Amino acid sequence: QTRTRKHLEFSLYRMLRVYFTPNHIQHDPMTHSISGHQDDVECSDRGHPECPSRIPAILSSLEGSFEGLEMFNVTREASDSELERCHSPKMITFLTNCYAKAKKQNVDVTEVVPGVFPSYVRYIQPQRPKDDVLSEIGLFCFDTCTPIGEFSIHCAKQAASAAIDAAEDIDIENNKSLTYVLVRPPGHHATYESCGGFCYFNSSALAAVTLLERLKEKNKGKLTRVAIIDIDYHHGNGTQDIFYTSSDVVYCSIHADPDFDYPHFTGRANEIGIDDGEGFNFNFPLPPDALFDDDYLPAFQKLLKAMKNENMNPDGIIVSLGMDAMAGDTVGSYHLNVDNYNTLGTLLKRSFQVPTIVVQEGGYNKSRETMAAGIVAFLQGILN
């Protein structure tokens, strides 16, 4: 169904609700320009790792893996007012109109990618080129591997709406509630005013502010917080940016150290938030050769311990579930396995019995089936 029913209750302990965007297949990017050249990734559809073939194995693995599975197909696009809760109006307007404007300027364009970035301007306020979308995109995109095709923004808005709908519908009276948001493109690299890292709008952030609003209404003036736990291989620079001054949403991330991997400029342990958000941002960067038992698991345990502080204890959790830390991923360099993800899910639920929404982020494994098994194992770890 296109839009979900509101606040449904389920009796099965292992009931899993899945919000899925079937039109994701329309977003099939090609341009993956890394280090000055097109980097065609193994097992991708058209060269870009963030491609439609990531999804079918996940859907197949979900079916039959749970005692109850309820699927909600989301085809609506998030409205501007919904997106503005985490993104600037200028960014939303630009991305919405980008491809159509580019086609009017250049009939041969298939994807829009920045060719210039205005950060080089030092002494004057850079002026936006008049009606030159191919130059202007550098104001709203921070890399050259996040192309905008004909359907990219439509699919990104549907992914955002799926996360919002999941947060609107989850049963906040049931601390065992679990919802999985299976969407692409991912979102955790999208900042308040820029897209990048394969991400256009930040679905996890939008789910967090939606869930927070509902929990605050329920708690009627009591201190209320939502935590975002990001276990994608890469630092979620976008999510950190959106909540860096907020104490309402706690951001916690385990990721590859930016000294050696994307996004390079954020994700260090000394980034703890500013203003009201000081002390509510936690980064756990790991070295290139990080092992699960020696590095990843201890970092995850430190993360959980930090969140259990009485001033930090969350009333709801959003998990940014990236699978690119898994062995065999074409983008990540770590070697987590299926059992490791089950352990992470189990530890999370042992630590916090609160409504939880898991939002799919990265994951570009050569074995789609192995990646799918890892996702199911993580979800089962939470439910068991």
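Here the structure is a predicted model, which means the values were calculated and not measured.
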**Report entry** Y99 side, atom OH; H154 side, atom NE2 - distance, nearest 0.5 Å
**Finding:** 10.0 Å
Query raised in the report: Just by distance, do the side chain of N219 and the backbone of T224 share a donor-acceptor pair under 3.5 Å?
Result: no
Query - I272: side-chain contact (heavy atoms from CB on, under 4.5 Å) partners, not counting sequence neighbours - result: E278
Query raised in the report: Can T210 and E168 be said to form a side chain to side chain donor-acceptor pair (under 3.5 Å), step by step?
Result: CA-CA 7 Å; T210 304; E168 284 282 6; 5.3 Å; no
Query - Modelled atom types, side-chain donor and acceptor of H32 and Q38, under 3.5 Å - result: no
**Report entry** Side chains of Q26 and D28, donor plus acceptor under 3.5 Å
**Finding:** no
Query - Any donor-acceptor pair under 3.5 Å from D143 side chain to G197 backbone - result: yes
Query - Carboxylate-amine/guanidinium proximity below 4.0 Å for E50 and R184 - result: yes
Report task. Would you check if the side chain of D295 reaches a backbone N or O of L291 as a donor-acceptor pair within less than 3.5 Å? Result -> yes
Report task. Would you check if the side chain of H188 reaches a backbone N or O of S204 as a donor-acceptor pair within less than 3.5 Å? Result -> no
**Report entry** Short N-O contact, K176 and D171, less than 4.0 angstrom
**Finding:** no
**Report entry** Axial cation check for F352 ring with K308, 6.0 Å and 45° limits
**Finding:** yes
Query raised in the report: Going by atom types only, do E271 and N281 share a side-chain donor-acceptor pair under 3.5 Å?
Result: no
Query raised in the report: Do Q380 side-chain atoms and N342 backbone N/O form a donor-acceptor pair below 3.5 Å?
Result: no
Query raised in the report: Parallel, tilted or perpendicular for F72 and Y19, by the 30°/60° rule?
Result: parallel
Query raised in the report: Under 3.5 Å, side chain of S152 to main-chain N/O of G149, donor-acceptor pair present?
Result: yes
Query raised in the report: Once you round to the nearest 0.5 Å, how far does CZ of F300 lie from CZ of F284?
Result: 10.5 Å
Query raised in the report: Would you find a donor on one side and an acceptor on the other, under 3.5 Å apart, between the side chain of S253 and the backbone of H235?
Result: no
Query raised in the report: Do N340 side-chain atoms and N337 backbone N/O form a donor-acceptor pair below 3.5 Å?
Result: yes
Query - D261: side-chain hydrogen bond (donor to acceptor under 3.5 Å, both in side chains) partners, not counting sequence neighbours - result: Y233
Query raised in the report: Any sub-3.5 Å donor-acceptor pair from S194's side-chain atoms to T191's backbone N or O?
Result: no
Query raised in the report: Thinking salt bridges, do E84 and K90 make one under a 4.0 Å N-O criterion?
Result: no
Query raised in the report: Do N283 and Q240 have side-chain N/O donor and acceptor atoms under 3.5 Å apart?
Result: yes
Query raised in the report: Is the shortest distance from a Lys or Arg side-chain nitrogen in E150 or K103 to a carboxylate oxygen in the other one below 4.0 Å?
Result: no
Query raised in the report: Salt bridge between D315 and K218, side-chain N to carboxylate O under 4.0 Å?
Result: no
**Report entry** Option among F198, Y200, Y262, F265 that satisfies the ring-ring contact (aromatic ring centres under 6.0 Å, His included) test with H189
**Finding:** Y262
**Report entry** Polar side-chain atom of T144 near backbone of S33 as donor-acceptor pair, under 3.5 Å
**Finding:** yes
**Report entry** Euclidean distance, Q158 CD relative to D165 CG, rounded to 0.5 Å
**Finding:** 11.0 Å
Query raised in the report: Is there a donor in the side chain of E42 and an acceptor in the side chain of T330, or the other way round, less than 3.5 Å apart?
Result: no
